[in-house]
S.K.: 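One structure is given below, represented as C-alpha cells, and several questions about it will come after.
Below, each value reflects all heavy atoms present in this structure, side chains not excepted, and no hydrogens, waters or symmetry copies. In what follows, every chain begins at residue 1, and chains take the letters A, B, ... in the order their sequences are listed.
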Amino acid sequence: MSEIVTRFAPSPTGFLHIGGARTALFNWLYAKHVGGKFLLRIEDTDRERSTPEAVEAILDGLRWLELDWDGDVVHQFTRVERHREIAMRMLASGNAYRCYCTPAELTEMREKQRLAGLPPRYDGRWRDRDPSEAPNGVAPTIRLRATQEGETLIDDKVQGKVVFPNKDLDDLVLLRSDGNPTYMLAVVVDDHDMGVTHAIRGDDHLTNAARQTQIYQGLGWDVPIWAHIPLIHGPDGAKLSKRHGALGVDAYRAMGYLPEALRNYLVRLGWSHGDKEMFSQDEMIAAFDLSAVGRSASRFDYARLENMNGHFMRATDDAALFQQFLKTLPYLAGGPEMAARLDEAKLAQIRAAFPGLRERAKTLVELVDGAQYLFAHRPLAIEPKAEDVLAKGGRLHLKMLLPRLTALAEWSAATTEAVVRAYGEEIGAKLGTVAQPLRCALTGRTTSPGIFDVLSVLGRDESLGRIADQAI
RNA sequence: GCGCCCAUCGUCUAGCGGUCCAGGACGUCGCCCUUUCACGGCGAAAACACGGGUUCGAUUCCCGUUGGGCGCGCCA
C-alpha cells in the first residue's frame, strides 16, 4: 500500500486567511490520521503578485497554528523548466496547441459572447488552425486540447460524484506567452511529481478539478483523490472577503485566541463527530475523516470561537498558560505596551495574580486587560460604574476600613480578608457591600479577580495608598 | 447567461425511511451559586425553506420552485 500524501498549496498574494487555515488543517489532519505526509507548496507562478512577505506571513501562520509540514517548502516558481517540458510534451502528443490570440482579442471575444447571452468561453479559434497562419510578432500561448464530447466525472470524497459536461470546459491556457506556466498546468505537474494522493481544497476549485482531470488524462497520469470542502462565509452569510472578516490568522493571534482553540473551532466548521464538540489534538487526529465533512458552507461565529477559547484556556494548566501568555504578549492587542513595562517585580505580580486573572478570561487579550490594575498609577482613573459605587456610600466604608487595614501587622489575603469580614459583620452588611468599594478603589473597575487576592498582589503600600485616594 | 454545489433552532451541527410532536453545542432569557466578573449547575424559548411525487410511512429518496454559494482570466 502506497503512502498517502496531502498538501496545502497557498498562493502568496496575502496573509494566511481563515479559510486557507482550515484547508491546511484538514489536509494536515487527514495526513496525520492515516499516517501519511503533509506537504507545503507555495504557488508563486504569478511573479507579479507573489511577495516574500506573504510567503513569510503564511509560514508564520502555519507555525503558529502548529501545522507542521513534512520536508522542505516547495516553491512552484522554481519548477518552471519542468512545467515547460510538460507543456511541450502535451504539444508534441497533440494534447495541446499554440494559440496566437492577443489578450485584446480574447477580451473582445468574451465581450461579444456576453452581449449575445452566451457563456464566456474560448471559442477554439486556433484549435485546428494551421500554424503557418500564425501572425508575425505574436508570442503564442499553449492551450489544452480539451475533450469536447461527453462529460468528465469527478468522484469527490466530500461532494460525491459530480459530472461536468465537457462542452462547458474550454481550452484553457497551459503555458503563457511569456513561457511561464499557468496555475492549471503547474498544480497538475507538481501534485503528480510530489506524489500527492489526496487533493483537499476549497470547493471553489470543484470546476477546476474537472479541467485538471483532462490534463491528467492527456498526460496519462493518475488523477488524485479529490476532496472539495465547503467554504466559510462571514457572520452575515456573505462571502468572506478582505473587507468581510477574512482576516489573517495573525489577527486571531492578536485577538488572544489559542491555536488549539482556533483549530478546534475550525475543524467543527463543516466537520462533526456525533455530538462531540471539544477535541484534544490526539482525539481530533483519531476522529477526523473526510466522509464526515459536510457539503454546505458555514458562517464564522466569534461567540462560539470565544467560548471554545475559554474552554481551552481553562483546560491548560497554570504554568503552561502563563508561558503561552508571555510568549504571545508581543502580538496581543495592548500587549507590546505591557511588555515594555514588564520588570522583575511586575512579572512576579502578574504571576501571583494569574490564577485569579485566568479564571475570568476567555482570551489572552482579556488577560492583558484584567492585569491593567497592576500597571496603573495613583491616583487611579475610575471608570463610571466604579465611581458610582464609590459615590453611593462606598467611600465611607473605605474610610472606616483604612485604619483597620493600616493596623495590620501582616499583609496577606487571609489577614485582609479577616479584617474586611469583621467590619462587614460589625455593620451588618453583606460582604459585597464592602468588597465592591474596595475593588473600585483598588482597580478602578467593578470587576476584577477576588478582592483579597488583589489586596495581596498589590501589596500593603500600594493598596493602602489607593484606598486612601478614594476614602472620603 | 451557462455549468456546478448547497438548504435542520439566530449560529455550528446530530439525524443516513418508522426509535424525531427532531438531539447536542454556542448565543439569548430566567433561576441557583457568589465578593464583582467569569466559571459551574438547573430550566426556558428557538429549526426540518416551499410545492409536488415515491412509500404503509418522509427531516431522511426523486423532481420542481425559491433562496444562497462557487466557477466560467495569459489569477490562483
S.K.: Need one value for C440(A): base, sugar-phosphate or nothing, where a base atom within 4.0 Å counts as base even if backbone is also close, heavy atoms only.
M.R.: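 Contact class for C440(A): none.
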S.K.: Just name whichever nucleotide pairs with G43(B), Watson-Crick or G-U, keeping both distances under 3.5 Å, else none.
M.R.: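 For G43(B), the partner nucleotide comes out as C29(B), under the 3.5 Å rule.
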S.K.: Any donor and acceptor pair, going by atom type alone, linking the side chain of R7(A) with main-chain N or O of R41(A) inside 3.5 Å?
M.R.: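 No; judged by distance alone, with no hydrogens or angles, the pair does not exist.
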S.K.: Kindly say whether L206(A) contributes a backbone atom to a donor-acceptor pair with the side chain of D203(A) at under 3.5 angstrom?
M.R.: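 No, the answer is negative, given that no donor and acceptor are paired below the 3.5 Å cut-off.
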S.K.: On a plain distance test, is the side chain of Q113(A) in donor-acceptor contact with the base of G1(B) below 3.5 Å?
M.R.: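 By the distance-only test, no, there is no pair.
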S.K.: Please measure how far the C1' atom in C33(B) lies from the corresponding atom in C42(B), and state the result in whole Å.
M.R.: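 After rounding to an integer number of Å, I get 11 Å for this pair.
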S.K.: Base, sugar-phosphate or nothing for I451(A)? Non-hydrogen atoms, less than 4.0 Å.
M.R.: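 Since a base atom lies under 4.0 Å of I451(A), the category is base.
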S.K.: Is R360(A) near enough to U36(B) that one of its side-chain N or O atoms lies under 4.0 angstrom from OP1 or OP2?
M.R.: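 The answer is no; no side-chain N or O of R360(A) sits under 4.0 Å from OP1 or OP2.
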S.K.: Within the 4.0 Å heavy-atom criterion, would you say R268(A) contacts the bases, only the backbone, or no part of the nucleic acid?
M.R.: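 Result for R268(A) = base.
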S.K.: Give me the residues of residues 146-160 of chain A where at least one heavy atom lies under 4.0 Å from an atom of RNA chain B, by number, or none.
M.R.: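 Those residues are Q159(A).
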S.K.: Nearest to the side chain of P103(A), which nucleotide is it out of U35(B), C74(B), C12(B)?
M.R.: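 Among the listed nucleotides, the one closest to the side chain of P103(A) is C74(B).
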S.K.: Could you tell me the Watson-Crick or G-U partner of G18(B), where both distances fall under 3.5 Å? Say none if there is no partner.
M.R.: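 Paired with G18(B), as far as the under-3.5 Å criterion goes, is C56(B).
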S.K.: Any donor-acceptor pair under 3.5 Å joining the side chain of T182(A) to the base of C74(B)?
M.R.: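 Counting by modelled atom types and ignoring angles, no donor-acceptor contact under 3.5 Å is found here.
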S.K.: Across all strands shown, which nucleotide pairs with G51(B) by Watson-Crick or G-U wobble geometry, both distances under 3.5 Å?
M.R.: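 For G51(B), the partner nucleotide comes out as C63(B), under the 3.5 Å rule.
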S.K.: With a cut-off of under 6.0 Å to the ring centre and 45° to the axis, is R22(A) in cation-pi contact with F26(A)?
M.R.: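 Geometry flag: set, cation within 6.0 Å and 45°.
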S.K.: Give me the distance, rounded to whole Å, that separates C12(B) from C32(B) when you measure between the P atoms they each carry.
M.R.: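 Roughly 34 Å separates the two P atoms.
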S.K.: If G3(B) has a Watson-Crick or G-U wobble mate with both distances under 3.5 Å, name it; if not, just say none.
M.R.: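 Pairing partner, where one exists within any strand: C70(B).
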S.K.: For L258(A), does its backbone N or O pair with a side-chain atom of N309(A) as donor and acceptor, under 3.5 Å?
M.R.: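 Such a contact is found between N309(A) side chain and L258(A) backbone.
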S.K.: What nucleic acid atoms does T446(A) come within less than 4.0 Å of, heavy atoms only: base, sugar-phosphate, or nothing?
M.R.: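 Touches a base.
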S.K.: Can you tell me whether the side chain of D204(A) and the base of G71(B) have a donor-acceptor pair closer than 3.5 Å?
M.R.: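 No pair found.
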S.K.: Tell me what F452(A) touches on the nucleic acid: a base, only sugar-phosphate, or nothing, going by heavy atoms under 4.0 Å.
M.R.: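 Contact class for F452(A): base.
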S.K.: Please give the distance between the C1' atoms of U65(B) and A45(B) as a whole number of Å.
M.R.: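 So the two C1' atoms sit 32 Å from each other.
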S.K.: Contact class for L269(A) (heavy atom, under 4.0 Å): base, sugar-phosphate, or nothing?
M.R.: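 Sugar-phosphate, no base atom in range.
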S.K.: Are the charged groups of E425(A) and R421(A) less than 4.0 angstrom apart, N to O?
M.R.: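 Looking at E425(A) and R421(A), the cut-off is not met.
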S.K.: So E359(A), base contact, sugar-phosphate only, or nothing? Heavy-atom distance under 4.0 Å.
M.R.: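 Base, at least one base heavy atom under 4.0 Å.
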S.K.: With rounding to whole Å, what would you report as the distance between C72(B) and A25(B) at their P atoms?
M.R.: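 Each nucleotide's P atom is 41 Å from the other's.
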S.K.: Identify whether any heavy atom of V187(A) sits under 4.0 Å from a base atom; if not, whether one sits that close to sugar-phosphate; answer base, sugar-phosphate or nothing.
M.R.: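 Answer is nothing: V187(A) stays at 4.0 Å or more from every strand.
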S.K.: When we call it a touch if two heavy atoms are under 4.0 Å apart, what does H205(A) touch: a base, just sugar-phosphate, or nothing?
M.R.: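 Answer is base: heavy atoms of H205(A) come under 4.0 Å of a base.
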S.K.: Using a cut-off of 4.0 Å on non-hydrogen atoms, how would the nucleic acid contact of R439(A) be classed: base, sugar-phosphate, or nothing?
M.R.: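 The residue R439(A) makes base contact.
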S.K.: Given U36(B), C74(B), U13(B), identify the nucleotide with an atom nearest to the side chain of S298(A).
M.R.: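 Of all the options, the side chain of S298(A) is nearest to U13(B).
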S.K.: Mind checking S11(A) for me? I need base, sugar-phosphate or nothing, with any heavy atom below 4.0 Å counting as a touch.
M.R.: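 If one applies the 4.0 Å heavy-atom cut-off, S11(A) turns out to touch the sugar-phosphate alone, with no base involved.
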S.K.: With a 4.0 Å cut-off on heavy atoms, is N208(A) in touch with a base, just the backbone sugar-phosphate, or nothing at all?
M.R.: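 Base contact - N208(A) has a heavy atom under 4.0 Å of at least one base atom.
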S.K.: Whole-Å distance between C4(B) C1' and L169(A) CG?
M.R.: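 Taking atom C1' of C4(B) as the reference, CG of L169(A) is at 11 Å.
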S.K.: When we call it a touch if two heavy atoms are under 4.0 Å apart, what does G294(A) touch: a base, just sugar-phosphate, or nothing?
M.R.: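 Counting heavy atoms under 4.0 Å across all strands, no contact is made by G294(A).
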S.K.: Base, sugar-phosphate, or nothing: which does G450(A) touch, judged by heavy atoms less than 4.0 Å apart?
M.R.: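 Base contact.
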S.K.: Testing Y97(A), W126(A), Y122(A) for side-chain hydrogen bond (donor to acceptor under 3.5 Å, both in side chains) with D171(A), which one passes?
M.R.: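 The single option meeting the side-chain hydrogen bond (donor to acceptor under 3.5 Å, both in side chains) with D171(A) is Y97(A).
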S.K.: Roughly how many Å is it from OH in Y122(A) to C1' in C72(B), rounded to a whole number?
M.R.: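 That distance rounds to 16 Å.
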S.K.: Any donor-acceptor pair under 3.5 Å linking the side chain of R395(A) with the backbone of Q470(A)?
M.R.: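 Yes: the side chain of R395(A) pairs with the backbone of Q470(A).
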S.K.: Paired with A38(B) by Watson-Crick or G-U wobble geometry, both distances under 3.5 Å: which nucleotide is it?
M.R.: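 Answer to the pairing question: none, since A38(B) forms no Watson-Crick or G-U pair.
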